[in-house]
2 protein chains.
Amino acid sequence: MPDAVNLKQKLTLFSEHWSPKIVSAYNGNDVMVVKFQGAFPWHKHESTDDFFLVIEGHIRLETEQGNVELGPGELYVVPRGVLHRPVAEQEAQVLLIEPKGEPNSGDPATAATKVWI
Amino acid sequence: MPDAVNLKQKLTLFSEHWSPKIVSAYNGNDVMVVKFQGAFPWHKHESTDDFFLVIEGHIRLETEQGNVELGPGELYVVPRGVLHRPVAEQEAQVLLIEPKGEPNSGDPATAATKVWI
């Protein structure tokens with residue numbers, strides 16, 4: 001029987017930014033924790049929505065449709081096909097959900113390798 | 001441009017237990033908040049995993065494979081086909097993700113009607 005996944009505990013296991021770590025799986029999706037700091041490149045996912053839930057800190061999702069500010073306990077789903085980039089002025093901790101194998105940058109050539117922790 | 005979804009704020013909008021409210025959508029899934037108190041009937045979902053993330057309080061996921069205790073910031077995914085029931089000795093607030101239209105009880109005849117808030 002697997003244990004519960006404690007998100008804060010998982011986030012103590014690594015320090016690098018923009019490197020999502022898989023902590024669970026749901027219907028072919030990777031459930032991940034990640035640390036953001038600074039600005040990620042603009043990108044889009046043609047065939048998947050992009051799920052963000054802030055665990056700690058504050059992020060801004062800049063999109064071609066406008067910006068969304070997210071603090072702890074706030075979520076936003078960027079619809080598929082919409083150009084966006086996450087920005088965090090200071091380090092923020094975020095829960096992400098993406099289909100297994102989806103490149104975090106929208107492009108396999110520039111994507112982070114996702115590993116389980 | 002839709003606003004961020006603040007989970008705590010959404011949870012102030014209703015008081016009934018075992019009645020999931022949809023707050024967002026992700027790739028054909030409903031993202032929901034719900035209040036648990038007491039024990040839900042045993043059930044399973046034949047064709048979908050069942051995602052639970054505790055926002056506030058404490059729950060126990062009893063499954064035919066064993067039990068999992070979850071507090072705030074802890075998540076667990078019950079695999080498809082596994083008999084389970086959530087139990088909360090005191091009121092708990094939970095984020096759920098299920099495919100759109102999936103009955104929360106595993107059975108359309110007994111399922112709660114899910115509405116957007």
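Just the heavy atoms: all of them, side chains too, but no hydrogens, waters or symmetry mates, feed the values below. Numbers restart at 1 for each chain; the letters A, B, ... are given by sequence-line order, proteins then strands.
Residue contact with chain B, scored on non-hydrogen atoms closer than 4.5 Å, involves the backbone and the side chain of Pro99(A) alike. Heavy atoms of Ile55(A) lying under 4.5 Å from chain B are absent altogether. Heavy-atom distances place both the backbone and the side chain of Ile97(A) under 4.5 Å from chain B. In this structure, chain B has no heavy atom under 4.5 Å from any part of Val78(A).
Nearest heavy atoms, Ala4(A) versus Leu70(B): CB-CD2, 3.1 Å.
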Step through the atoms of chain A and chain B and list each donor-acceptor pair whose separation is under 3.5 Å.
{"from": "Val5(A)", "atom 1": "N", "to": "Leu75(B)", "atom 2": "O", "distance (Å)": "2.9"}
{"from": "Val5(A)", "atom 1": "O", "to": "Leu75(B)", "atom 2": "N", "distance (Å)": "2.9"}
{"from": "Asn6(A)", "atom 1": "ND2", "to": "Glu74(B)", "atom 2": "OE2", "distance (Å)": "2.9"}
{"from": "Leu7(A)", "atom 1": "N", "to": "Gly73(B)", "atom 2": "O", "distance (Å)": "3.0"}
{"from": "Tyr26(A)", "atom 1": "OH", "to": "Asn29(B)", "atom 2": "OD1", "distance (Å)": "2.6"}
{"from": "Tyr26(A)", "atom 1": "OH", "to": "Ile97(B)", "atom 2": "O", "distance (Å)": "3.4"}
{"from": "Asn27(A)", "atom 1": "N", "to": "Asp49(B)", "atom 2": "OD2", "distance (Å)": "2.7"}
{"from": "Asn27(A)", "atom 1": "OD1", "to": "Asp49(B)", "atom 2": "N", "distance (Å)": "2.8"}
{"from": "Asn27(A)", "atom 1": "OD1", "to": "Arg80(B)", "atom 2": "NH2", "distance (Å)": "2.8"}
{"from": "Asn27(A)", "atom 1": "ND2", "to": "Thr48(B)", "atom 2": "OG1", "distance (Å)": "2.7"}
{"from": "Asn29(A)", "atom 1": "OD1", "to": "Tyr26(B)", "atom 2": "OH", "distance (Å)": "2.6"}
{"from": "Thr48(A)", "atom 1": "OG1", "to": "Asn27(B)", "atom 2": "ND2", "distance (Å)": "2.7"}
{"from": "Asp49(A)", "atom 1": "N", "to": "Asn27(B)", "atom 2": "OD1", "distance (Å)": "2.8"}
{"from": "Asp49(A)", "atom 1": "OD2", "to": "Asn27(B)", "atom 2": "N", "distance (Å)": "2.7"}
{"from": "Gly73(A)", "atom 1": "O", "to": "Leu7(B)", "atom 2": "N", "distance (Å)": "3.0"}
{"from": "Glu74(A)", "atom 1": "OE2", "to": "Asn6(B)", "atom 2": "ND2", "distance (Å)": "2.9"}
{"from": "Leu75(A)", "atom 1": "N", "to": "Val5(B)", "atom 2": "O", "distance (Å)": "2.8"}
{"from": "Leu75(A)", "atom 1": "O", "to": "Val5(B)", "atom 2": "N", "distance (Å)": "2.8"}
{"from": "Arg80(A)", "atom 1": "NH2", "to": "Asn27(B)", "atom 2": "OD1", "distance (Å)": "2.8"}
{"from": "Ile97(A)", "atom 1": "O", "to": "Tyr26(B)", "atom 2": "OH", "distance (Å)": "3.4"}

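Connection of Val54(B) to Leu11(A) is not established within any shared hydrophobic cluster, with ILVMFWY side chains joined at heavy-atom distances below 4.5 Å, either directly or through further cluster members. Leu61(B) and Phe51(B) fall into different hydrophobic clusters, where Ile, Leu, Val, Met, Phe, Trp and Tyr residues are linked whenever their side-chain heavy atoms come under 4.5 Å apart, directly or through other members. Cluster annotation: Phe36(B) is not connected to Val23(B) through the hydrophobic network of ILVMFWY side chains, with a link wherever side-chain heavy atoms come within less than 4.5 Å. Ile22(A) and Leu13(A) fall into different hydrophobic clusters, where Ile, Leu, Val, Met, Phe, Trp and Tyr are joined by side-chain heavy atoms under 4.5 Å apart, directly or via other members. Taken together through direct or relayed side-chain contacts under 4.5 Å among Ile, Leu, Val, Met, Phe, Trp and Tyr, Val82(B) and Ile59(B) form part of one hydrophobic cluster.
Of the listed residues (Gly28(B), Pro72(B), Gly66(B)), the greatest number of heavy-atom pairs within a distance under 4.5 Å of chain A belongs to Gly66(B). Contact tally against chain B (heavy-atom pairs below 4.5 Å) for Leu75(A), Val68(A), Val77(A): the top residue is Leu75(A).
Residues Leu53(A) and Leu7(B) are in side-chain contact: their nearest non-hydrogen atoms beyond the backbone lie under 4.5 Å apart.
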